[in-house]
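To start, the structure itself, in structure tokens.
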Amino acid sequence: MKQNILITNDDGVYSKGLRALIEEASHFGRVTVVAPEHGMSGMSHAITMANPLYLRKVRISGDVSVYACSGTPVDCVKIAVDYLMKYDAPTLILSGINHGSNSNISVIYSGTMGAATEGYSYGVPSIGFSLVSHDVAADLTASRHYVRKILERFLERNGGEPVCLNVNIPTLPLSDIKGVKVCRQTKGYWVEEFTRNVDPRGRDYYWLTGRFVNLEPEAEDNDEWALANGYVSVVPVTLDMTDRKALTRSGDWFDSLD
């Protein structure tokens with residue numbers, strides 16, 4: 001069955017990764033793109049509330065329509081589903097191909113995955129694709145291959161059920177990638193570092209940097225292991241943030257509180 005596909009990203013409407021995703025997705029159906037005017041990395045699930053949104057038609061060619069939105073990746077999904085495609089709802093929502101990894105806890109900061117999880121919140125199957133390279137001119141040969149293969153298999157076997165996948169592709173030649181691993185998110189955290197500088201007007205400014213600390217370097221069932229060992233990682237994610245292990249304990253804390 002031909003799909004009605006919505007595509008967005010967080011690198012902006014003119015990114016190389018977005019163009020590659022559009023070209024691969026167009027093999028599976030009609031494509032509508034609503035992507036940010038400019039880069040929106042790290043926006044997570046942010047939405048625009050205090051300012052208007054602007055939607056600009058970039059191009060329409062055959063079964064591909066491309067629009068630029070002034071807002072965040074999640075804004076792009078919302079305005080697409082609730083306005084632009086209101087009477088022709090998407091059957092699949094894709095985000096990416098992001099330039100940079102969204103494995104481990106980075107998934108909660110990611111604008112790419114914010115858009116994918118927003119799609120999932122509408123009950124639409126959604127997938128975020130990321131390449132483990134921040135190079136805007138990165139070779140996307142392997143990414144293109146696995147985007148198409150994953151979409152083929154997903155559409156063949158999922159049956160339209162709402163699910164959200166976080167797909168990360170290692171920066172390797174296609175011939176060196178060993179395959180796909182469905183796995184879990186790696187446990188860890190980011191150690192944040194700020195570099196202070198002074199601008200020409202004498203004001204201090206700061207650049208955020210940091211490094212990821214893997215709390216389970218020996219584990220072989222998570223996305224960091226998969227990527228480090230030459231596999232494409234696929235992590236199913238969800239929006240339910242309930243800590244079920246803490247439910248009973250929390251209930252004991254407050255059960256007699258008036």
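The basis for the numbers below is simple: all heavy atoms, side chains too, and nothing from hydrogens, waters or symmetry mates. The structure displayed is predicted, hence computed values, not measured ones. Numbers for residues simply follow the sequence, beginning at 1.
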Next item on the list: Kindly indicate whether the side chain of Asn168, heavy atoms from C-beta on, has any atom under 4.5 Å from the side chain of Ser130.
Entry: yes
Margin query: With a sphere of 6.0 Å drawn around CZ of Arg56, does it hold more than 12 non-hydrogen atoms of other residues, nucleotides or ligands?
Written below: yes
Margin query: Check Lys78 with Asp82, please: is the shortest side-chain N to carboxylate O separation under 4.0 Å?
Written below: no
Item checked: Close side-chain approach of Lys149 to Val180, heavy-atom, < 4.5 Å -> no
Margin query: So, applying side chain to side chain contact (heavy atoms under 4.5 Å, CB included) with Tyr67, which one of Leu84, Val33, Val58, Ile79 is it?
Written below: Leu84
Notebook entry, point to check: Can you name the one residue among Val107, Asn98, Asp11 that meets side chain to side chain contact (heavy atoms under 4.5 Å, CB included) with Thr112?
Noted result: Asn98
Note to self: Would you compute the distance between atom CD1 of Ile97 and atom CZ of Arg144 and round it to the nearest 0.5 angstrom?
What the structure shows: 7.0 Å
Next item on the list: Output all residues satisfying side chain to side chain contact (heavy atoms under 4.5 Å, CB included) with Phe212, sequence neighbours left out; order by chain, then residue number.
Entry: Asn104, Ile105, Thr186, Trp190, Asn214, Glu224
Next item on the list: Output the distance between atom CD1 (Ile7) and atom CZ (Arg19), rounded to the nearest 0.5 Å.
Entry: 13.5 Å
Next item on the list: Give me the ring orientation class for Tyr231 and Trp225: parallel if the planes are under 30° apart, tilted from 30 to 60°, perpendicular past 60°.
Entry: parallel
Check: Any side-chain heavy-atom pair from His45 and Thr117 closer than 4.5 angstrom?
Finding: yes
Item checked: Side chain proximity check, Leu174 to Tyr146, heavy atoms < 4.5 angstrom -> yes
Notebook entry, point to check: Is any side-chain heavy atom of Thr91 less than 4.5 Å from a side-chain heavy atom of Lys2?
Noted result: no
Next item on the list: Decide side chain to side chain contact (heavy atoms under 4.5 Å, CB included) for Ile93 and Tyr122; before the verdict, give the C-alpha distance in whole Å, the side-chain angles of both, and the deciding distance to 0.1 Å.
Entry: CA-CA 10 Å; Ile93 295 177; Tyr122 280 92; 5.5 Å; no
Notebook entry, point to check: Got a second to check how far Ser143's OG is from Ile150's CD1, nearest 0.5 Å?
Noted result: 9.5 Å
Next item on the list: Calculate, to the nearest 0.5 Å, the distance between atoms OG1 and CG belonging to Thr141 and Leu172 respectively.
Entry: 12.5 Å
Check: For His27, does the NE2 atom have more than 12 heavy-atom neighbours from other residues, nucleotides or ligands under 6.0 Å away?
Finding: yes
